[in-house]
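Chain identifiers are assigned alphabetically (A, B, ...) following the order of the sequence lines, protein sequences preceding nucleic acid strands; residue numbering begins at 1 within each chain.
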Amino acid sequence: MENVRKIIENFTCEYVENYKKTWLKAKLSSKDDLLNLSEAIKKEGLRSLSTVSPTDFLEDNIMEMNYFFEDLDTKRNLWLKVDLPRDKEGCKIESLTPLFASANWHEREAFSMFGVQFLNHPDLREIIKSEDFKGVYPFRKDFDWDAHEKNQTQNIQQIVDAFKKEQNENEKDLDPDSSETILNWGPTHPASGPIRLRVHCDGEEVISIDPDIGYVWRALEHLVTKKDFVGAIVAVERLCFMDNINSMVGYCMAVEEIAEVEITPFASWMRVLLGEVARVSSHFMGLGGFFNNMGLHTLGMWNMDTREFFLDFLESYSGARIATASIEPGGVRYGLDMSMFDELQKALDKFDNSVGEVEAVFVKNPTMKLRSDNVGILTKEEVHEFGLSGIVARASGVKTDIRIDEPYAAYGELDLEYITQEKGSAKDRFMMLFLDLKQSVEIIKKAKAHIEKAVADAKMNPTKDHMVKVPKKLPKGEAISRVEWARGEVLMHLVTEEKAKTPYRLKMRAPSFNHTMMLNHLLKGQTLADIPLIFGSLYICQGDLDR
Amino acid sequence: MLKILDFFDYAKSESLWMAHFCTGCCSLEMAAAMGPRYDWERYGYLPTPTPRQADVLMITGLVSKKILPALLRTYAQMPEPKYVVAMGACSFDGGPYNDSLSVIKNPTEILPADVFIAGCPPKPEAIIEGLEQVKQKIKNGEPSAASQGGLWKEMEF
Amino acid sequence: MIDTLFSAFVFPGLLYVLVWTVGLFWFFRKFMAALHKRVGPSFNGKAGSYQTLFDLSKLLTKESITPDGVNPYLFSIMPLLAVIIAMLPAAFIPWMDGLVVVDSDYGLLALVILIGIEPFLLFLTGFGSNNKYSFLGGVRILTQSISMETAFFLSALSPALLFGTMNLTQIVEQSSWFSFLILFPGLAMYFVALLGLLEQPPFNIPDAEQEIVYGFYTEYSGTNYFLLKLAEFAEFMAVFAGATALFLGAYKGIFFDSYFFFFMKMLGIAMLMMTIRAATPRITLAQMLSFSWKYMVPLALLNLAWVLFAKSLWFMGA
Amino acid sequence: MILQILNRTLRVAKALMTPSPANKDVRYEAMHNPSRYRGEHRVDYETCIGCDSCNKICPTHAITMKKFPFKKQNIVPEVSLSVCIFCGLCEDVCPTKPEKSIILSGGRYDMLSGGWHEDQNDFWVHTDVPQSYIDSRLEDEEATRVKKELATKKKVAEAEAKKKAEAGEEIKKVETTLPDFNKGVLE
């Protein structure tokens with residue numbers, strides 16, 4: 001940490017300060033220093049760039065760029081800020097993509113949403129947003145959304161025209177005599193979901209893949225700024241429904257940090273419990289999806305059977321199966337009726353009874369091993385370079401898990417260990433998913449026992465302790481929070497204004513964005529049959545890919 | 001002769017296959033409805049990989065601007081008679097994403113559905129009940145809603 | 001005359017095949033559902049037995065779309081041809097003692113050829129669909145059938161070699177427990193090749209839903225799809241019946257001979273196929289090719305050698 | 001390898017022995033009935049105090065307040081089911097005790113309507129307030145208004161009387177007339 005501080009202090013900074021346990025927060029005075037500084041810290045070991053998040057301050061007429069650098073090995077993180085002028089001509093900065101491969105799509109996103117020009121970016125095309133936003137930057141504070149909405153018919157026409165044009169010109173650049181063609185993989189493809197991969201292939205062989213994303217773009221980051229701090233949870237949880245609890249936890253932690261509120265131990269244990277239940281239900285779908293993509297639906301069905309029991313618990317606790325909306329700033333939303341633990345126990349028993357069979361038939365399946373053992377290998381180096389996280393990173397042997405690195409809720413009181421695999425192939429990611437699932441169930445058991453004991457000892461009051469009051473109006477502030485989501489690291493960057501009722505800016509860094517970036521890298525030179533397999537093993541959800 | 005035709009009509013109503021196309025989050029609950037506990041195959045529903053063999057198009061929640069042409073095209077690719085089921089608040093007016101400009105606010109005005117299932121997302125039971133209502137509609141010989149009107153007829157896609 | 005009409009349209013003919021097809025479709029869904037811990041069709045008729053009838057009749061009355069830019073003749077005739085070809089093998093199979101429509105000395109040859117020609121028709125359907133995914137599916141089915149059919153033919157020849165005849169009736173008559181044991185490797189080989197020929201997992205590469213949508217089926221709808229589905233299930237039946245007649249002694253039972261045993265044996269093969277389908281993921285085309293040429297074909301040849309050896313050892317002397 | 005594959009295959013067949021969890025006809029009954037299922041709303045217009053906080057917190061603007069002719073507590077929430085996302089924040093925020101006036105918990109889950117956009121437009125939880133309740137509320141209000149009026153008049157009169165008494169004048173009786181009950185109130 002000290003080394004990083006020394007490096008930064010070589011440059012002119014407005015401030016350098018410690019932030020949380022593992023973070024260093026600094027603001028550069030001049031944007032010209034950015035490239036040199038990042039080169040220096042890359043040498044020091046902060047090799048992955050987590051995300052790039054511009055904040056648009058209309059009144060001060062500046063565009064504040066936030067860079068989040070991470071070192072997955074030694075857990076040192078740097079939050080670097082630099083100011084840009086916000087007018088469209090002057091809003092330019094050197095691209096970090098040549099240094100950090102993971103910056104690629106994040107910079108493209110910042111470019112398409114805020115109009116920040118990145119110099120020397122190799123491929124600065126617009127991403128995510130639909131055709132009618134071409135050339136305008138919807139997340140800028142002075143963008144007139146109402147005026148845009150008035151021309152809805154025209155906008156749709158524009159999208160349709162672009163759709164048609166692309167279809168007609170799809171294979172224009174290809175040599176008509178060769179056997180090369182472009183396959184449109186999605187958005188109606190059975191294995192893809194709402195994403196489109198433009199697969200450039202020659203017969204069965206894949207030449208390159210260009211993912212076209214944004215089919216479920218809901219502009220969530222903008223949407224939360226129109227809702228109040230409590231109402232924003234319904235937008236945040238819709239990041240992805242498969243694991244909605246942990247994304248809400250991340251958002252609520254950021255709000256609590258700004259409001260300077262401490263939640264009760266009961267609430268933090270409940271966050272662990274509910275979060276792990278959501279993680280389990282997500283992993284069940286992920287495991288099933290991996291096999292579904294190889295044409296075998298049995299595991300998906302069996303998992304769905306067990307998953308229903310965990311959803312039953314969520315439904316009893318919150319009143320909804322997957323859209324639970326059950327974490328609020330200040331704690332958890334409902335008190336706990338201890339009889340609900342019977343239902344959880346039922347789910348745990350069901351899991352214990354069925355996990356052996358799943359392990360024997362599917363996890364040790366020889367055909368699966370044959371199929372996926374040497375496919376889609378990600379090395380440790382690539383994990384660092386592309387800023388991958390969660391299951392995918394751990395499958396390659398990188399020890400990263402926010403629950404241990406930067407404990408939140410009650411994870412600090414649990415003894416967790418990193419679970420890793422060595423090779424980083426598709427099979428290892430599947431194995432990792434399965435082991436993580438087992439670990440999650442163990443955590444649920446521990447958390448359940450802890451809560452039960454504390455309630456029996458009258459240390460916790462399950463009906464009253466669940467909430468601490470958070471003021472409706474928050475002071476001016478800024479916070480980041482990281483959580484280990486089912487798919488990987490979610491980083492929430494929340495900015496508030498003085499006496500604000502709504503968030504000023506919320507950046508959600510979602511793991512699937514980085515993982516989808518890997519598709520072209522992994523699939524080049526493979527065959528068509530590997531596309532669904534690798535796609536499934538990367539555990540991508542379009543919800544958090546597009547936001 | 002009449003009896004035989006009646007039989008075919010009945011067969012049509014009892015065998016609904018749906019296009020495998022998900023536009024939003026409600027498809028998660030659709031997956032649960034396919035799963036062991038709810039098992040909609042009991043009622044004769046079956047997902048098909050391509051729209052060419054499907055009878056029902058499910059608007060599973062959110063319809064973003066970018067996916068609209070694909071949705072309408074999928075609908076056009078289905079053979080007659082075809083029906084549309086809309087679920088979730090998003091398919092009425094964007095639901096929780098109503099304030100966001102990247103979603104279509106009136107999917108059912110563009111592509112009228114035969115039944116709307118409220119909920120965000122609806123329970124699998126509700127999905128199955130909604131599909132039962134489509135069956136009932138076919139049994140009564142009612143034409144599908146989308147064939148009678150909707151903005152999609154005037155749109156190019 | 002009436003006998004001919006009866007056998008053409010009712011018993012081993014059209015109606016019989018149709019009932020089998022619908023029943024097999026239902027059985028597949030029901031059995032697969034049970035393996036998935038589901039119930040399967042359940043509310044139409046007893047245990048959902050009308051469900052597949054409804055499904056197929058619905059397909060019959062739906063609109064058949066002929067997409068732009070395809071050759072309409074090729075596109076619509078191929079499914080019909082596929083059904084006819086898939087139904088024909090039923091005529092060569094000795095369903096009961098003395099009940100076989102065409103009692104030919106080359107019955108086995110006809111059976112094998114009729115089964116083996118089916119993939120080429122399906123290739124043409126994919127070829128004529130004007131869809132990249134269909135075309136890929138067509139190419140895959142051609143690749144797969146060429147490599148799998150060699151093993152299929154070779155393993156189907158082993159009973160002919162053992163009994164010295166290609167007449168299916170005679171093969172069935174001569175079969176016994178002992179010959180079953182000798183032919184068992186041949187049966188296993190036949191079964192694996194059959195999985196490849198019928199595009200069943202782990203060899204369901206041509207209609208891999210997650211890779212190339214639905215392969216050659218992608219553009220088919222309504223009646224045409226109905227015919228293709230019918231052809232698929234009729235072919236299932238033909239292949240199961242072929243396996244039963246060649247290796248398992250057809251209608252021969254434990255205490256008495258009856259059609260019942262034929263039926264049960266076919267169901268047994270179907271169940272084994274479904275169980276494999278529920279437990280094995282799909283492999284890739286390259287893996288399938290290397291499996292077929294590196295293992296299946298040499299093993300099938302070895303199997304023929306083993307049958308010859310066994311024949312010279314036990315059957316010649318007897 | 002082949003033995004392994006066979007082993008897996010046969011182990012899958014174990015599923016044949018386990019009964020399927022799909023044992024109820026879900027067209028008629030739910031598989032799982034939690035007490036807190038957030039379903040169709042029930043609005044109790046009698047306890048509702050018309051504070052408008054459910055309307056304010058609703059993240060999707062699904063709630064509109066229906067107005068009544070009486071003056072106090074004269075708004076009651078109505079919910080558009082096609083807009084509502086059933087997050088239950090309105091129930092959380094409702095201040096009435098002990099029973100909340102707007103309840104989702106334990107509500108129905110099967111909310112179906114026609115698929116036409118117009119059908120969904122009028123797919124609401126209407127708060128059907130019977131005319132008799134409106135009348136009785138109006139009467140109550142009128143009665144209290146009159147009572148108040150009377151009281152103020154009395155007060156004024158007393159005060160005046162006091163003044164007059166102080167001034168040594170004669171005390172006059174104050175005449176009061178009751179206003180016409182049904183006139184000019186419903187407008």
*For D:Glu29, is it the side chain, the backbone, both or neither that has a heavy atom under 4.5 Å from a heavy atom of chain B?*
backbone
*Is D:Lys162 atom NZ crowded by more than 12 heavy atoms from other residues, nucleotides or ligands, each under 6.0 Å away?*
no
_Side-chain heavy-atom pair B:Asn98, D:Thr60 within 4.5 angstrom cut-off_ = no
_For the interface with chain D, which of B:Trp40, B:Tyr38, B:Tyr43 has the highest count of heavy-atom pairs at distances below 4.5 Å?_
B:Tyr43
*Side chain / backbone / both / neither for B:Glu132 at chain D, heavy atoms under 4.5 Å*: side chain
*Where does B:Tyr97 contact chain D at under 4.5 Å (heavy atoms): side chain, backbone, both or neither?*
neither
*Is it the side chain or the backbone of B:Gln133 that comes within 4.5 Å of chain D heavy atoms, both, or neither?*
side chain
*Please look at B:Ile128 and chain D and tell me whether the side chain, the backbone, both or neither of the residue comes under 4.5 angstrom of a heavy atom of that chain.*
side chain
_Options B:Asp114, B:Thr108, B:Ile110, B:Val115, ranked by heavy-atom pairs under 4.5 Å with chain D, top entry_ = B:Thr108
*Determine whether more than 12 heavy atoms belonging to other residues, nucleotides or ligands lie under 6.0 Å from atom CD of D:Glu99.*
no
*Using non-hydrogen atoms and a 4.5 Å limit, figure out which bit of B:Pro96 sits close to chain D: side chain, backbone, both or neither.*
both
*Tell me, for D:His61 versus chain B, whether the close heavy atoms (under 4.5 Å) come from the side chain, the backbone, both or neither.*
side chain
